[in-house]
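It should be emphasised that the depicted structure is a prediction, and the values quoted were computed from it without experimental measurement.
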Amino acid sequence: MDTPLTTIAVVGLGTMGTGIAEVLARAGREVIGIDVSEAAARQAVASLEASTARSVARDRITEQERHDILARFRTFSDLQAAADAELVIEVVPETYEIKQQVFRELDAVVSPTAILATGTNALSVTRLAAESQRPERVLGLHFFNPAPVMKLIEVVSSVLTAPPAVESVTRLARELGKEPVAVGDRPGFVADGLLFGYLNQAAAMYEANYASREDIDAAMKLGCGLPMGPLALLDLIGIDTARTVLEAMYSASHDRLHAPAPVLGQLSEAGLTGRKAGRGFYTYDAPGGQSVVPDALTPTGSAGTVTGREVSSVGVAGSGTMASGIAEVFAKAGYTVVLAARSQEKADTAKARIAKSLDRSVSKGRMTQEVRDGTLARITPAGSLDSFADVGLAVEAVAEDLEIKRQLFRTLDKVCKPGAVLATTTSSLPVVAVARATSRPEDVVGMHFFNPAPAMKLVEVVRTVLTADDVHATVREVCVKVRKHPVDCGDRAGFIVNALLFPYLNNAIKMVEEHYATLDDIDAAMKLGGGYPMGPFELLDVVGLDVSLAIERVLHGEFRDPGLAPAPLLEHLVAAGCLGRKTGRGFREYARR
């Protein structure tokens, strides 16, 4: 039953079909491109001609190799042309009616041993297979766009698929230089199943006017290292396409996190489907264009009408990694810094940690010895918050415990001078609850730095309903002076980054609980298919499973959405003391240092 896959038909020569055809032709396969539109077929040929010409110009292939690639790609308008194909990959529009019609016609054309693959990322492979005369030869081959570049291929089996068919296409994927991941048949599979829930939540966050489109996108790029922000990515994918995928996911899961945000339907119905239409969440220079152009929602960049307060010295409370990192950031920017801990010894240790960090910068040529010495000299370690008497900005970076923070702010309220800005670096607790521990809640704001603070460019600026305008302006001005990118968000659980990141991580854990895919396959899918710098389980083990669980509980407690309930597997691992890299075991085991 195992079939050599040397002649392959691609049905549907849109962007994805053309990309798949290019990958196959470059890998030495005879490719039969089929599309009812002669214009689409001509465009596919022109695209391959242009792509291979660029490769010749860059000395990646020879002119003869280019000639051979082009000779291996032939186009037709009739499915009868697929008669000799050992594998047919359909990438026609994402509807059951069209795909089922293609499969019915292919049943009458191809040989009994041919494999039929659907490129769907939203529809049921099982449903498509069930209506075929050869369901054991039907499976999913989900390429990612752009197909010539993206390494991931999800190989989707239904309960009807014969293992030899899966083995054949898996081997083909590897021969194409791709990374195949074996998954079962559920809407979205692995990569899109996790990605589209995240994108949907970002759209809902924007729709609720919680944050601007620019701040949401900047937060996820700078806070998570993602190549694109979620709203820009929705425009690239196509808002109508995203809505279709989410509808399919919701019909299967009935999870509210997958119910398409109304704004997706509104934009789709208005024809504002993203880049291909020239307008979606953003406006582009032309339909199909890549350059964002200003529109009515674009920030003007002009200075605000509110002037911030004067800040020349900064107090940082805490002795951990985050506190020392924040103190280093301010000292590098020229601020006089008081670094206060519970004891003089702890404060001295924190300053020594900063000295080591600066020494590494000197050794790598990023900083001169003179600058290093001047930076360190601006930091004064102290064993008491009384040393904050003259600072213009006090930043706490102590344990993520509300009562500890409230007690600290009661002390800051007493020792800091009138007009000093009091900031908390909490990532999950309500800022207003901290503010109300003081007699001046209008002076309190959130400044959520990301770890490691010297390297990460993002700061989430969290204003409460009580925060004064000039306090908000002060923090934004300070962020710019310390070369960080501030994004504004309201005082609700998770702010921007954690509110979007941790439900995605939680859903990845649920996939493992359901034995849908392995840790390694899920991590590979998100890195190769989504462009994530780390897979979800790598990230969970780095962040710490106890920290992740605490944030999940806060999100679930505030939003009361059943889909946000922490995955039981996460609860069990934390209860067992398996907290990630810091304990040597989390979702994976690590060598003890």
*Asks:* Judged by atom type as modelled, is there a donor-acceptor pair below 3.5 Å linking the side chain of D491 to the main-chain atoms of V462?
*Replies:*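 Absent.
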*Asks:* Let's go through T52 and S55 carefully: what are the C-alpha distance in whole Å and the side-chain angles of both, what is the deciding distance for side chain to side chain donor-acceptor pair (under 3.5 Å) to 0.1 Å, and is it a yes or a no?
*Replies:* CA-CA 5 Å; T52 51; S55 294; over 6 Å; no
*Asks:* Output yes when D35 and R42 qualify as a salt bridge under the 4.0 Å nitrogen-oxygen rule, no when they do not.
*Replies:*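 Between R42 and D35 there is no salt bridge, as every charged N stays at least 4.0 Å from the carboxylate O atoms.
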*Asks:* Between Y198 and Y532, how do the two ring planes meet: parallel, tilted or perpendicular, split at 30° and 60°?
*Replies:*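 Perpendicular: the ring planes of Y198 and Y532 meet at over 60°.
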*Asks:* If you apply the rule side chain to side chain contact (heavy atoms under 4.5 Å, CB included), what do you find for E136 with L160, and how did you get there?
*Replies:* CA-CA 5 Å; E136 75 282 358; L160 305 170; 5.8 Å; no
*Asks:* Near E175 CD, under 6.0 Å, is it more than 12 heavy atoms from other residues, nucleotides or ligands?
*Replies:*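 It does: E175 CD has more than 12 such atoms within range.
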*Asks:* Can you tell me if NZ on K221 sees more than 12 non-hydrogen neighbours from other groups inside 6.0 Å?
*Replies:*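 Open.
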*Asks:* Any side-chain to backbone donor/acceptor pair from N506 onto A565? Under 3.5 Å, distance only.
*Replies:*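 Yes.
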*Asks:* I'd like to know if E86 and R29 make a salt bridge, using a cut-off of under 4.0 Å between side-chain N and carboxylate O.
*Replies:*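 Not counted as a salt bridge, because no side-chain N and carboxylate O are separated by less than 4.0 Å.
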*Asks:* Is it the case that the side chains of D217 and Y282 hold a donor-acceptor pair, with the cut-off being a distance below 3.5 Å and no angle test?
*Replies:*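 Y282 vs D217: donor-acceptor pair found between side chains.
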*Asks:* State whether the side chain of R275 and the backbone N or O of Y284 hold a donor-acceptor pair below 3.5 Å, judged by distance alone.
*Replies:*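 The answer is no, because no donor-acceptor pair under 3.5 Å joins these two groups.
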*Asks:* Donor-acceptor check, side chain of E214 to backbone of T298, threshold 3.5 angstrom: yes or no?
*Replies:*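 No.
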*Asks:* Would you call D235-R213 a salt bridge at under 4.0 Å N-O?
*Replies:*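 No.
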*Asks:* Working note: R137 + L116, criterion side chain to side chain contact (heavy atoms under 4.5 Å, CB included); need CA distance, chi angles, decisive distance, verdict.
*Replies:* CA-CA 6 Å; R137 306 294 287 173; L116 303 182; 5.6 Å; no
*Asks:* Are H472 and V445 packed together at the side-chain level, in the sense that at least one heavy-atom pair is separated by less than 4.5 angstrom?
*Replies:*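 They are not in side-chain contact.
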*Asks:* Looking at D488 and R463, is any side-chain nitrogen of the basic one under 4.0 Å from a carboxylate oxygen of the acidic one?
*Replies:*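 No, R463 and D488 are not salt-bridged.
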*Asks:* Taking C-beta and beyond as the side chain, do N498 and H448 meet within less than 4.5 Å on heavy atoms?
*Replies:*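 The answer is yes, as the side chains (C-beta and beyond) meet within the 4.5 Å cut-off.
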*Asks:* Look at the side chain of D561 and the backbone N and O of R256, then say whether any donor-acceptor pair between them is shorter than 3.5 Å.
*Replies:*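 Side chain of D561 to backbone of R256: no pair is present.
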*Asks:* Considering residues, nucleotides and ligands other than R279, do more than 12 of their heavy atoms fall under 6.0 Å from its CZ?
*Replies:*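 Atom CZ in R279 is not packed in, count stays at 12 or less.
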*Asks:* Counting distance only, does the side-chain N/O of E154 pair as donor-acceptor with the main-chain N or O of A191 below 3.5 Å?
*Replies:*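 Looks like yes, one N/O pair under 3.5 Å.
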*Asks:* Side-chain contact, heavy-atom cut-off 4.5 Å: L172 with L87?
*Replies:*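 Yes; the side chains approach each other to less than 4.5 Å.
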*Asks:* Would you check if F196 and I237 make a side-chain contact, meaning some heavy-atom pair closer than 4.5 Å?
*Replies:*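 A side-chain contact exists here, since the closest heavy-atom pair is under 4.5 Å.
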*Asks:* Kindly indicate whether the side chain of Q201, heavy atoms from C-beta on, has any atom under 4.5 Å from the side chain of Y504.
*Replies:*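 No, their side chains stay 4.5 Å or more apart.
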*Asks:* Mark yes or no for whether D541, through its side chain, and R588, through its backbone, hold a donor-acceptor pair below 3.5 Å.
*Replies:*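 Yes; judged by distance alone, with no hydrogens or angles, the pair exists.
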*Asks:* Salt-bridged, K99 to E90, with N to O below 4.0 Å?
*Replies:*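 Yes, K99 and E90 are salt-bridged.
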*Asks:* Taking the side chain as everything from C-beta on, heavy atoms only, tell me whether L267 gets closer than 4.5 Å to F281.
*Replies:*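 Side-chain contact under 4.5 Å: yes.
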*Asks:* I'd like to know if the side chain of K178 reaches the main chain of T170, judged simply by a donor and an acceptor atom lying under 3.5 Å from each other, with no hydrogens or angles considered.
*Replies:*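 It does not hold such a pair.
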*Asks:* Using modelled atom types only, decide if a donor and an acceptor are shared between the side chain of S268 and the backbone of L264 within a distance under 3.5 Å.
*Replies:*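 Between the backbone of L264 and the side chain of S268 there is a qualifying donor-acceptor contact (under 3.5 Å).
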*Asks:* I509 and side chain to side chain contact (heavy atoms under 4.5 Å, CB included): which partner among L545, I522, L569, L519?
*Replies:*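 Among L545, I522, L569, L519, the one meeting side chain to side chain contact (heavy atoms under 4.5 Å, CB included) with I509 is L569.
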*Asks:* Going by atom types alone, do S124 and D185 pair a side-chain donor with an acceptor below 3.5 Å?
*Replies:*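 Looking only at side-chain atoms, D185 and S124 do form a donor-acceptor pair, the distance falling under 3.5 Å.
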*Asks:* Quick check against the 3.5 Å criterion: does K484 have a side-chain atom that pairs as donor or acceptor with the backbone of F449?
*Replies:*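 Flag not set: sc K484 to bb F449 has no pair under 3.5 Å.
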*Asks:* Answer whether the closest heavy-atom distance between the side chains of I69 and R26 falls below 4.5 Å.
*Replies:*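 A side-chain contact exists here, since the closest heavy-atom pair is under 4.5 Å.
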*Asks:* Find out whether K510 and N507 are in side-chain contact, i.e. whether some heavy atom of one side chain is under 4.5 Å from a heavy atom of the other.
*Replies:*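 They are in side-chain contact.
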*Asks:* Salt bridge or not between E514 and R186? Use side-chain N to carboxylate O under 4.0 Å.
*Replies:*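 Salt bridge flag = yes for R186 with E514.
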